[in-house]
Q: 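If you scroll down you'll find the structure; I have some questions about it.
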Amino acid sequence: MSLCVLEKVSRTYTTGDMVVWALRQVDLTIEPGEFVAVMGPSGSGKTTLMNILGCLDVPSSGRYLLAGKDVTAMDDDELSRMRSEHIGFIFQSFHLLPYATALENVLLPTLYLDRPPDGRKKRALELLSLVGLEDRANFRPSQLSGGQQQRVAIARALMNDPELVLADEPTGALDTATAAGIMRLLSSLNERGKTIVVVTHDPEVAAYARRVIRMRDGVPTEESVRRDPRPLNAGAPVTP
Amino acid sequence: MRRFFFAILQALQAVRAFKLRAAFCISSVALGISAITVIVAATEGAYRKAYEMVDRFGPDAMLVLGGSEEARAIGRRDKTITVGDVEALRQAFPTAYLLVPMSSVREVNVSYGNRRHQTRVTGTTEGYSRSWSWPVVDGRDLTEADVKGARNVALIGAQVVREIFPDTDPIGKFLFVRNLAVRVVGVLEERGTTGAGHNLDDRIVMPITTVMKKLMNEKTYVNAVRIRFMDVRNMARHREEVRAFLRDRHQLKPGQPDDFRLLSSEEIIRFLVALTGSLVIFIGITGVMSLVVAGFVLANLFLLSVNERIPEIGIRRAVGARRRDILFQFLFEATALTLAGGVLGFGLGVAAGPLLKFVADFPIYFSWKAFAVGLALSSLVGLIFGLQPARRAAAIHPIQAIRNG
């Protein structure tokens with residue numbers, strides 16, 4: 001079963017009399033285990049696409065199936081549940097809670113689950129160690145570097161073991177070396193079977209993906225599949 | 001339920017994180033709650049005092065005082081109740097099981113040996129101690145024979161014992177009341193001080209016949225009559241009957257004011273409640289106003305806080321928080337702050353209580369009621385004034401909230 005299926009998905013915004021098409025009749029399928037980069041200039045619809053993939057927004061027309069469930073007609077509570085169970089988000093500006101520790105930030109997604117997860121603290125610590133921050137569990141975001149903050153955000157995105165990890169310009173606020181470290185971390189997650197979609201305008205970032213979708217005026221215009229994405233040990237040295 | 005619990009934990013964490021906001025909210029609520037705590041305590045104190053006084057006065061009792069209220073105020077004659085009135089009342093009201101006339105002389109010099117004291121001498125009849133439920137603890141009570149014979153005998157209060165007989169058994173001793181030699185036959189139980197600071201134990205009780213004839217040179221009038229009725233339920237009716245009866249005997253025309261006053265437990269309660277009422281209204285308005293102000297302070301600070309924390313709301317929504325999870329979190333935050341303010345306010349109120357007692361000699365009684373009212377009101381302020389900011393927070397769309405930039 002495909003993880004994400006978009007069938008003729010459109011998203012329009014109405015401002016006054018003007019109808020703006022952010023997405024036009026998009027057909028797209030993402031299979032489990034893929035590493036997809038969505039590229040395009042600003043205003044191309046790539047962020048709208050990510051919002052819809054992440055159940056933050058719903059199509060104006062067309063159909064979106066996530067993990068076999070039709071998201072199109074879901075209400076706000078059901079969308080929250082879909083996000084909670086199926087999706088992990090990574091943002092350009094990290095969005096960690098400033099007053100919570102790294103560990104508490106990683107635990108955040110479990111607060112909104114209906115079923116109490118067993119050993120959630122243990123799992124959060126394991127994830128922190130996976131992203132190389134096992135010794136920073138009790139640090140607050142202000143005590144961490146940008147790259148470290150993004151690693152905490154990645155651990156948080158993985159906390160509820162989602163099928164789909166969505167990263168919106170994950171390296172936009174980081175220097176090149178740190179960015180490479182983050183991208184290699186995402187690659188290694190993909191190697192372990194996580195489905196990852198990265199939205200970016202940076203070709204360096206897109207180079208890590210196997211499949212690159214270019215957006216223009218709300219339509220995917222060009223799609224390329226790489227046989228040999230940037231290998232894990234390439235690029236600048238890791239500086240977590 | 002689990003989510004509810006986590007929402008509370010999240011709220012508490014945020015309360016800790018935004019300390020300045022917390023300090024403002026807590027202190028503004030605390031001021032209002034402290035005023036309200038004092039009110040509740042004062043009201044309760046007043047009622048306790050009233051019931052204590054009523055208890056002492058006797059719920060089945062009535063006091064008829066000579067002289068109208070107006071006449072007393074300007075020092076006109078207050079002698080309107082006659083010995084004849086007392087007898088007539090006795091005949092007319094068979095359910096009045098005790099009917100005791102009283103005439104008092106103040107600041108009477110008494111002495112025993114070289115010890116001197118000034119006290120109040122009350123002339124009355126043999127039912128006195130029963131009519132005030134005031135037992136004779138030592139010696140004997142006054143008898144009918146004492147009164148009929150106008151004997152020079154006395155019951156003395158505990159304060160008089162302390163002043164005149166500090167280390168002598170007073171029973172059987174003769175003391176001088178002015179220049180009258182009077183034999184002490186009994187000692188009244190210690191009663192303490194009234195709410196007005198009046199020492200009840202500083203008195204000598206003698207047969208009314210003796211007092212009128214030998215101390216007052218008075219044949220006709222008594223100061224007051226105390227009546228106790230067997231049927232407590234009919235007190236209101238008895239009151240009207242006694243009033244009509246005395247007006248008739250005093251030949252007062254309709255429209256003319258009473259030339260006597262009737263006092264029953266009802267009046268005592270009414271008086272005390274009125275006294276308390278003015279203060280309660282004053283502090284009450286202040287308290288409610290400051291609570292409302294505290295509410296607006298809270299609402300404003302929370303709106304600011306919500307705007308500041310839009311990214312936080314966005315990320316919470318993105319990882320699966322529903323609108324109501326956000327709503328509850330902010331509501332809990334507001335309520336936690338106002339509750340803390342309520343607890344602090346109760347503490348402030350308790351601290352201010354003795355001050356008020358010192359300044360206004362006000363009966364104040366702190367109980368769980370004052371605490372409960374404070375907590376209830378403070379959480380209400382949090383819920384009411386926290387609702388608008390919390391709703392705004394819940395309405396924030398995650399896409400707007402997490403927009404990069």
Side-chain angles (χ1 to χ4, degrees), chain A residues 11 13 22 42 47-48 50-52 54-58 75-101 104-117 120 140 153 156-157 159-160 162 166 168-170 172-173 199, chain B residues 1-23 302 304-330 332-333 336-337 391-405:
Chain A
R11 181 69 175 97
Y13 299 99
S42 55
T47 300
T48 306
M50 196 206 74
N51 288 341
I52 284 178
C55 298
L56 290 166
D57 200 359
V58 285
D75 66 18
D76 196 79
D77 283 2
E78 290 170 309
L79 287 174
S80 297
R81 192 198 191 96
M82 289 303 283
R83 291 196 293 271
S84 159
E85 291 175 358
H86 300 288
I87 301 179
F89 285 98
I90 299 162
F91 301 103
Q92 178 174 359
S93 44
F94 326 136
H95 286 315
L96 300 179
L97 299 191
Y99 54 81
T101 64
E104 288 164 344
N105 268 293
V106 175
L107 283 168
L108 188 70
T110 65
L111 302 185
Y112 303 110
L113 284 174
D114 287 326
R115 283 167 291 110
R120 55 192 202 105
R140 287 178 201 281
R156 178 181 64 192
M159 185 64 209
N160 284 355
L166 288 175
D168 187 3
E169 300 284 9
V199 172
Chain B
M1 198 58 228
R2 201 182 82 90
R3 283 188 170 202
F4 211 65
F5 175 67
F6 277 121
I8 293 174
L9 289 186
Q10 292 295 296
L12 291 180
Q13 194 175 20
V15 164
R16 270 214 334 263
F18 301 96
K19 290 197 176 61
L20 192 66
R21 182 193 69 173
F302 261 80
L304 279 177
S305 190
V306 166
N307 283 337
E308 230 170 60
R309 288 160 69 187
I310 285 175
E312 172 186 337
I313 296 162
I315 191 61
R316 285 179 188 275
R317 295 281 279 129
V319 301
R322 296 165 304 181
R323 286 207 177 105
R324 59 175 171 280
D325 293 322
I326 302 293
L327 181 83
F328 285 146
Q329 186 198 329
F330 277 86
F332 284 140
E333 267 185 57
L337 286 175
R391 284 170 75 153
R392 184 176 295 196
I396 289 171
H397 198 279
I399 292 176
Q400 268 92 59
I402 55 182
R403 188 180 286 150
N404 286 351

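As a basis for the values below, the full set of heavy atoms in this structure was taken, side chains included, without hydrogen atoms, waters or symmetry mates.
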Q: Using a cut-off of under 4.5 Å on heavy-atom pairs, state which of B:Gly314, B:Pro311, B:Ala321, B:Ala14 scores highest against chain A.
A: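 Option with the greatest count: B:Ala321.
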Q: Non-hydrogen atoms of chain B under 4.5 Å away: do they reach the side chain of A:Ala173, the backbone, both or neither?
A: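 Looking at A:Ala173, nothing touches chain B.
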Q: Thinking salt bridges, do B:Asp325 and B:Arg316 make one under a 4.0 Å N-O criterion?
A: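 Result for this pair is no, no salt bridge flagged.
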Q: Side-chain contact test, heavy atoms from C-beta onward, threshold under 4.5 Å: evaluate it for A:Leu108 versus B:Gln10 and give yes or no.
A: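 Heavy-atom side-chain distance check passes, below 4.5 Å.
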Q: Identify whether the distance between the nearest side-chain nitrogen and carboxylate oxygen of B:Arg309 and B:Glu333 falls below 4.0 Å.
A: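 Yes, charged N to carboxylate O under 4.0 Å.
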Q: Picking from A:Arg156, A:Arg81, A:Glu85, which has the most non-hydrogen pairs under 4.5 angstrom with chain B?
A: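 Heavy-atom pair counts peak at A:Arg156.
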Q: Please work out whether the ring planes of A:Phe91 and A:Phe89 are parallel, tilted or perpendicular, with thresholds of 30° and 60°.
A: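 Taking A:Phe89 first and then A:Phe91, their aromatic rings lie parallel (interplane angle under 30°).
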Q: With respect to chain A, which residue among B:Arg323, B:Arg324, B:Arg16 yields the maximal number of heavy-atom pairs within a distance under 4.5 Å?
A: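 Max contact count across the listed options: B:Arg323.
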Q: Would you please say whether a donor-acceptor pair under 3.5 Å links the side chains of B:Ser305 and B:Arg21?
A: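 Short answer, yes.
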Q: Checking B:Gln329 against chain A: side chain, backbone, both or neither under 4.5 Å from a heavy atom?
A: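 Contact with chain A: side chain only.
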Q: Please state whether the side chain, the backbone, both or neither of A:Thr47 comes within less than 4.5 Å of a heavy atom of chain B.
A: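 No part of it gets close to chain B.
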Q: Does any backbone or side-chain atom of A:Leu111 lie under 4.5 Å from a heavy atom of chain B? Answer side chain, backbone, both or neither.
A: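 For A:Leu111, heavy atoms of backbone and side chain both lie under 4.5 Å from chain B.
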Q: Under 4.5 Å from any heavy atom of chain B, what part of A:Asp77 do you find: side chain, backbone, both or neither?
A: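 The answer is both parts of A:Asp77.
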Q: Check this for me, if you would: do B:Arg317 and A:Asp76 make a salt bridge, where the nitrogen-to-carboxylate-oxygen distance has to be below 4.0 angstrom?
A: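 Yes.
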